[in-house]
Amino acid sequence: MKELVEVIASALVDSPEEVVVTETEDDKEIVLSLKVAPADMGKVIGKQGRIAKAIRTVVRAAGSKGDKKIIVDIQ
């Protein structure tokens, strides 16, 4: 999942070298923290959060076979 978020975010931003995704996992959920450059934050979030919601939807769909909940946190 970490690689999927990195690929999607890198395609959206102007400075893909500053995209950092960290993965934290426990027994019930996986938390993916996405950090981008402050100038690129608007591109990742999108108007009214539409792009952020789409990223979360794609990641949840990709991880739906697992039994853990996947959370994408954009920072």
Side-chain angles (χ1 to χ4, degrees):
M1 292 301 129
K2 179 178 175 181
E3 295 83 13
L4 176 63
V5 175
E6 286 176 353
V7 168
I8 293 171
S10 295
L12 293 172
V13 298
D14 288 334
S15 35
E17 65 277 353
E18 293 190 39
V19 173
V20 178
V21 179
T22 56
E23 184 174 348
T24 308
E25 186 173 349
D26 63 11
D27 56 342
K28 293 185 181 182
E29 63 187 17
I30 299 171
V31 178
L32 299 169
S33 297
L34 171 62
K35 293 183 183 180
V36 297
D40 292 328
M41 187 63 75
K43 293 177 183 170
V44 174
I45 295 174
K47 290 185 180 178
Q48 297 180 353
R50 288 187 181 136
I51 294 177
K53 184 177 179 182
I55 292 171
R56 291 182 176 118
T57 302
V58 168
V59 172
R60 278 193 203 119
S64 65
K65 294 191 181 210
D67 57 343
K68 295 184 178 184
K69 181 178 180 182
I70 300 175
I71 299 170
V72 178
D73 182 30
I74 300 172
Q75 301 174 352

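Treat the numbers as computed from the prediction; the structure is a model and nothing was measured.
- By the 4.5 Å heavy-atom criterion applied to side chains, Val58 and Ile8 are counted as neighbours.
- Residue-environment remark: CD (Glu17) exceeds the threshold of 12 foreign heavy atoms within 6.0 Å.
- In this structure, the side chains of Ile30 and Ile71 stay at 4.5 Å or more apart for every pair of heavy atoms.
- When side chains are defined from C-beta on, Met41 counts as touching Val36, because their heavy atoms get closer than 4.5 Å.
- What you find for Asp26 and Lys68 is that their closest heavy atoms are O-NZ, 3.1 Å.
- Note: Glu6 CD to Glu23 CD = 10.0 Å, rounded to the nearest 0.5 Å.
- Remark: the backbone N or O of Val31 is not paired with any side-chain donor or acceptor of Lys69 at under 3.5 angstrom.
- Atom-to-atom distance recorded for Ile45:CD1 and Arg50:CZ is 14.0 Å, nearest 0.5 angstrom.
- Going from atom CG of Leu12 over to atom CD1 of Ile51 covers 5.5 Å, rounded to the nearest 0.5 Å.
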Notebook entry, point to check: Passes side-chain contact (heavy atoms from CB on, under 4.5 Å), Arg56 versus Ile74? Steps please.
Noted result: CA-CA 10 Å; Arg56 291 182 176 118; Ile74 300 172; 4.1 Å; yes
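- Proximity of Val19 to Lys35: side-chain heavy atoms (C-beta onward) are nowhere separated by under 4.5 Å.
- With rounding to the nearest 0.5 angstrom, the CD atom of Glu25 is 9.5 Å from the CG atom of Leu32.
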Margin query: Does Val44 form a side-chain contact (heavy atoms from CB on, under 4.5 Å) with Leu34? I'd like the steps, not just the answer.
Written below: CA-CA 10 Å; Val44 174; Leu34 171 62; 3.8 Å; yes
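- With a 4.5 Å cut-off on side-chain heavy atoms, Glu18 and Asp40 do not count as touching.
- Summarising the local packing, NZ of Lys53 is surrounded by 12 or fewer heavy atoms from other residues, nucleotides or ligands at distances under 6.0 Å.
- We find the OG-NZ distance between Ser33 and Lys2 to be 10.5 Å, quoted to the nearest 0.5 Å.
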